[in-house]
Amino acid sequence: MSKGTSHSAFTLRGNQVDEGIVISKGQVPFNPRSGMTRGNSGLLASTAAPDGKLVNVQIAIAKENLVLVSCEDEPQKELVLVQQYSPGTGSKRWPSFGVEFDPEVRILSQASTSGGSGGETWVLVSAPLGWAANIASQFIDERDYPGQTISFKPELDEPGKKEEEQENDIPIELVIAFGGNEEKAKQFMAKVANLPANRLDEHIITSCGRNRVKAHLEEISGDSNFFLGADPNRVVSYVAATHLE
Amino acid sequence: MKIFQIGTGSKPEEIKLENEKGEPLASISVGEQGRGRDMGIIPLVGQGTEIRAKQTDKGVVLVRGNWPSETRCLAVINATGAYDRCRSYKIHEAREIQTIMSGAIAFGQAGRTNSGEEVLAIVEPEAEFRLNSKYDSTWYRWTGTEWITEKPEERDARIALAEVANGEGEWI
């Protein structure tokens with residue numbers, strides 16, 4: 001039987017990509033952080049390799065189950081353990097992480113939780129080189145930011161494109177403060193630009209708490225909806241950076 | 001042959017053929033008596049460390065004696081266990097098992113709530129079957145000398161590894 005394509009192995013969880021896939025007792029273990037694993041969650045993959053991490057592998061399918069074989073060949077694709085999750089009640093303000101798999105990605109196996117608070121579905125996929133980093137770079141893991149389902153964006157891999165996008169981009173802290181709503185972030189930036197800078201109180205902007213900052217900026221702007229729903233503490237640093245530095 | 005007791009979610013244990021007083025058991029029973037239930041009784045006669053099953057016109061008898069040990073065994077398999085409304089109370093995907101007596105275990109006084117089987121079976125080497133407990137399944141496999149229990153994922157992993165080691169399967 002001729003050998004298959006060599007894959008470099010990665011574990012992807014949110015915005016984290018770790019090299020290698022953990023092996024325990026001859027399997028890729030399913031150890032979710034939320035949800036329950038009662039019942040039969042599904043076999044991700046088996047291997048004859050000892051406990052540790054697999055970094056370069058070839059993949060065989062036997063009776064619909066995956067077998068990973070360690071190898072030394074130059075990798076041509078990526079084997080990615082995608083740990084999709086939805087946080088439990090105790091972490092409800094943190095975003096969920098999901099991935100939309102395009103046709104270039106081959107889904108090989110998966111395991112899921114059943115019941116409990118939150119849940120996780122882990123999927124092993126064969127993907128083009130650079131896929132895992134592309135997905136991870138798009139996920140924003142900030143409290144109160146909405147859950148995201150990420151798709152592969154080839155334009156992120158174009159040299160120079162990322163720097164060009166960053167120059168035109170809205171500051172990331174504003175995107176996060178407005179829950180990903182770039183339109184609102186731009187409206188806020190326009191409002192900040194129109195503030196009468198000579199009436200800004202530097203002490204209030206840099207040292208006071210949420211209520212005083214809110215009252216001061218709404219007063220000098222004459223706009224009771226100055227913050228457009230954002231938390232004043234999250235956006236006041238932008239006001240300071242625009243007018244006081 | 002040795003005789004084992006197997007229940008959902010538990011490790012197989014060899015059945016002691018004496019009671020607490022050290023007296024030899026007179027019979028093995030499967031199932032329960034009562035409404036919606038069914039009990040089977042298999043007499044146990046003779047003396048010795050090994051058991052063989054004998055088919056008569058009136059039913060099966062277990063005969064104790066110093067028979068040569070063999071790779072088969074006897075097993076009392078309780079597929080029912082604790083009550084769960086949605087579970088299936090039977091022996092699943094059995095291979096190389098011959099049932100020689102069966103009974104039924106039920107829940108509730110009327111026996112109308114779910115019921116399941118308890119059987120006495122002769123088990124050949126490499127026989128296997130699956131039992132469900134409240135939340136998951138367990139595979140049981142008799143190697144000829146011992147019982148091996150595996151979760152479905154462990155069994156799938158073992159079979160897949162053996163296939164690839166034999167040169168079968170398909171490379172990606």
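Per chain, numbering begins at 1; letters A, B, ... match sequence-line order.
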Atom [atom1] of residue position [X] - does it have more than 12 heavy atoms of other residues, nucleotides or ligands inside 6.0 Å?
X	atom1	result
A/E72	CD	no
A/K53	NZ	yes
B/E13	CD	no
B/E23	CD	yes

**Q.** Interchain contact, A/T47 with chain B, by part (heavy-atom threshold 4.5 Å)
**A.**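 Only the backbone of A/T47 comes within 4.5 Å of chain B.
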Q.
Counting only non-hydrogen atoms closer than 4.5 Å, does A/Q27 touch chain B with its backbone (N, CA, C, O), its side chain (CB onward), both, or neither?
A.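 Contact with chain B: side chain only.
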Looking only at heavy atoms, what is the nearest atom pair of [X] and [Y], with distance?
X	Y	answer
A/I59	B/W171	O-CE3, 3.2 Å
B/A157	A/L43	N-CD2, 3.5 Å
A/N65	B/A160	CB-CB, 3.8 Å
A/K63	B/I159	CD-CG2, 4.1 Å

(Q) If you count heavy-atom pairs within less than 4.5 Å of chain B, which of A/S126, A/A48, A/G26, A/G42 leads? (A)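 Most pairs with chain B among the choices: A/G42.
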**Q.** Those residues of residues 100-110 of chain A, ordered by number, that approach chain B below 4.5 Å (heavy atom to heavy atom)
**A.**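 Result: A/R106, A/L108.
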Q) Where the side chain of B/E153 meets the backbone of A/S41, is there a donor-acceptor pair that is under 3.5 Å apart? A)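 Yes, the answer is positive, given that a donor and an acceptor are paired below the 3.5 Å cut-off.
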